[in-house]
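The structure displayed is predicted, hence computed values, not measured ones.
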Amino acid sequence: MAESVTSNIREPQPAPAKEARFSELAIAELEEIASHYPERKAACLPGLWIAQREYDGYLPPAAIQEVADRLGLSYSEVEGVATFYTMYNLRKRGRHHLEVCTCLTCAVKGAYEVVHKLEKELGVHVGGTTSDGEFTLSEAECLDFCGAATVMQVGDKYFTQLTPDNVKQVIDELRKSPDYTPAKLADSIVKTLLPGASETGGGSYSVEDLKNPAGPML
Amino acid sequence: MPDNRLTQTEASLNPAVTQMVNIKIDGIELQVPKGENIIESAKRAGVDIPYFCYHPRLSKGDAANCRMCLVDVFAPRRAPDGTVSLAKMPKPQASCTLPADEGMVIVTDSEAVVRDRKGVLEFLLINHPLDCPICDRGGECPLQNNAIFYGAATSRYTEEKRHFPKAYPLAENVVFDRERCIHCARCTRFTEDISGDAQLGFLKRGADMEVGTFEHTAYKSKFSGNVIELCPVGALLSRSYRFKARPWDLHSQRSVCSKCSNGCNIKIDYRLDSLQRINGRINEAVNEEWTCDKGKFGHSYVSSEARLKTPMLKTGGEWKAIDWTEALQILVGKLRDANGSVAGIGGQRCTNEDNFAFQKLFREVLKSNDIDSRVEGYLGSVNKPLYERFGYHAMGNAIAELEDMKTILVLGSQLVDEQPIIYLRVRKAYRFKGATVINAVSSVPEDSPKVGDFAQLELVYKPGTEAALLKGILSVLSAEKLASVNGFAKGYTLEKAAEETGVSAEAIQQAARLMATGKLAIIAGREVANHANHLEVVQAIGDLAEATGNAQNINLPGEDVNSQGAADMGVLPDFAPGYAPLENPGKNTAQILQAAADGSLKVLWVAGAKLLEKFPNRELAQAAFASDTFIVVNELTMTETAQAADLVLPAASFAEKEGTFTNCERRVQRIHKAFDISLEIKPDWLIFSEVATRMGGGGGSFFSARDILKAISAQVPAYAGLTAKSLGDEGVRWNYPDK
């Protein structure tokens, strides 16, 4: 009876398989952060950052489940938080996540030209990942570094004063770096949340710095 | 276990605060409790404030989503020189989260407020598809109503609305139309505050926001039907009612759910002779306004094709439809020939009137005391487990009283399945009143919601070791001098209990300490009711309750809709109505079945009891049905028990008759007749009465259900003075006369 009405519609999915991928360190970090608040719920955002680090830089369903289980929250509540904030990656990103600021100042200084150049260079549109899994290209809202527009964030580092002409150098340099930057970004954010943290581990670099042999450790 | 009890600030918005303040709403001066939400104060003043997201039973923390209840507020402000003047708050305020304070002046009909409401509705309707002609909610929709009274006639929005597939199957019984959703968060708050499974949440944000479950998994709740009624638009819809009727074509009848002993008040919505849907009806003492899915979606059988429409006689293994005259002739002939060798089982699904007529027929016309309403569980004298010691039979507390307990022990019960509405009260006590819940059970199911989700302590014991666990708790109470145990736990030690039950000694200790902190209610379930040593377990429960000073807080609720009423009406081998002891007790269910199996019983009348399905000793039940005993069954459909009988009489369901049910807390509540699906179907009391009349009348002949209720109130002390009128819409909870 009910079937005839709704037979053309996809039925709800079975629940995803559970995993427990938090390392001992990650669990200790989560407990440390949670201990600062009267309710464990309050550690939801840091928990998701830790999960984003532990689950290769993004939040698959299992990561959301693990955070919820560890904090005693419901899955849909944590999913709601994870889907609310754009800095949590819900899909796997490339090895380097290029986030070009296209807010006012950067846009005035030609951010879209940089974006178009990157699209051409990488062969993907904004939001896409290159077929070799090296780069994901995104637009970002203001990165709070307007003095050095155009700015691009890659993991925990900023590249500044970009133009369509010099952006290729950054790409080439990043190709050489062995890091997986989405996880590194998550790691640096987790570290700022822990007590006694002062350094973010990141930094900002102009293209000139790339030429310096003692330049950015990518 | 995380603590999801509401924090002090959130909870403090809920309980009545005693300090009164003077406020003024639209020129009406009134006194309200300090901290009460203005929207509630406005209701007292009779001032209408429109709203969508506000709901008095949900926590207020996440409300103020819809912005519909905006009002202008003037609050007193003290100048440096000490003069107090009224200052208008610069922006309109959401009255559903605005606590009342001394001297506040609220304006709900200013030009600005009228304009604000128009603006809010214009926003809410931006993405709403306005497909009212094909929406089930059309005609009873708060969004339609508010749009008529407070909305603008036109919208400035000309862009594309957002689109989603229609009728996404969210739950087994609920479909979800995301386009229509206005994001009021009533359903998400319901799952968090009331049912406790928290499966619905908001995903994404801004223009992309939608209600959903985790990763599009099914919304598996036992209370999912409530979100349909809570939804202020047509976004959440019943799968079985979808496109079935328009609300203005439905007739509604007040009734009581027949699915379990909690006795939820419901409305039967029907068209002609077919039941379309069940909605909850407000009764603060019982279900507040909630229903469980069993009750809301489990009544399709009433109008199903499977219903029996004529009496059926089995001849030579074949079923043959016969008319009532023939059926009654055969039955009366058999009863006459039996010459007193007759017995009756059942009545727990029947009304009090049915049961009263049943026992009158057997005791006064057929001269037999061999009747019993119980099919499962303890079959000895009903006075033994609790009455002789504490003066009550089943539930010491009213359902609503459970809210005020400090600690609640749920023992041997999958409470959410057995007593769904008691589960909701326990959850409310935990969430809104700060109660501590201890769940002691032998197996833990995976599904949410369940008591274990929010219990402070979960004691999983080996099946059958309830008494050992309770004695272990008593020994801790005694050893730590937490209560005067009166030697109840003599010779028992914590270690012994831990070993026997498989529960850790620390957990038993913790449980004991929690139980000694104040008002403790004990709710025992199926595992206790069906325990082989039922008396021993109840004895231990009684000891624990007495030791902690909670002798009146033991609860052993029955499970069938009228298990309480059937016992009250004396469908018991050893008690007349009102628990008056009989001089010559008859046989109980097991003994009756044994007699039938032995061939010493001529006629067995089964009134709706599912003997083959439920009686624990299935071999005995089968042997009884296979014997020469003539078995007559009153049933709605051809159940397994009916199939095995010789004569089946079509009985009326709760929707087709007048009468009263007594729920597990002894509340006598009326059901009203909604429709007849066939004139060949008779209420049970009428069948018993017609047989009694044919057998020579005696005290067993009645003209109507009301007639029987009169007899009941005259003959059963606890029901004295009850009339159809005095029961009203909310029923009356009877009390033991000596209390």
**Study point:** Largest heavy-atom contact set with chain A, pairs under 4.5 Å, which of B:Gly201, B:Ala198, B:Ser448
**Key:**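 Counting heavy-atom pairs under 4.5 Å, the top option is B:Ala198.
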Review point. Taking every heavy-atom pair that is under 4.5 Å apart, which of B:Leu203, B:Asn173, B:Leu200 has the most such pairs with chain A?
Key: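 Of B:Leu203, B:Asn173, B:Leu200, B:Leu203 has the most heavy-atom pairs under 4.5 Å with chain A.
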Check your understanding: Mind checking whether A:Gln65 and B:Phe214 have side chains closer than 4.5 Å, heavy atoms only?
Key -> yes
**Study point:** Min side-chain heavy-atom separation B:Phe202-A:Ser76 under 4.5 Å
**Key:** no
Check your understanding: What do you reckon, is NZ of B:Lys204 surrounded by more than 12 foreign heavy atoms closer than 6.0 Å?
Key -> no
Review point. Got a sec: does the CG of B:Asp208 have more than 12 other heavy atoms crowding it under 6.0 Å?
Key: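 Yes.
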Practice item. Not counting sequence neighbours, which residues clear side chain to side chain donor-acceptor pair (under 3.5 Å) with A:His125? List them please. Key: none
**Study point:** side-chain hydrogen bond (donor to acceptor under 3.5 Å, both in side chains) pairs, two or more places apart, involving residues 110-121 of chain A
**Key:**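 side-chain hydrogen bond (donor to acceptor under 3.5 Å, both in side chains) check on residues 110-121 of chain A returns A:Tyr112-A:Glu139, A:His116-A:Glu119.
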Review point. Is there any residue in residues 81-103 of chain A with a non-hydrogen atom under 4.5 Å from a non-hydrogen atom of chain B, and which ones are they?
Key: A:Thr83, A:Phe84, A:Thr86
Exercise for review: Sequence neighbours left out, what passes ring-ring contact (aromatic ring centres under 6.0 Å, His included) with B:Tyr241? Give chain and number order.
Suggested key: none
Point to revise | B:Gln199 portion near chain A, given a 4.5 angstrom heavy-atom threshold | key: backbone
Exercise for review: Report the distance from atom OH of A:Tyr75 to atom OG1 of B:Thr213, rounding to the nearest 0.5 Å.
Suggested key: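 With rounding to 0.5 Å, OH (A:Tyr75) is 13.0 Å from OG1 (B:Thr213).
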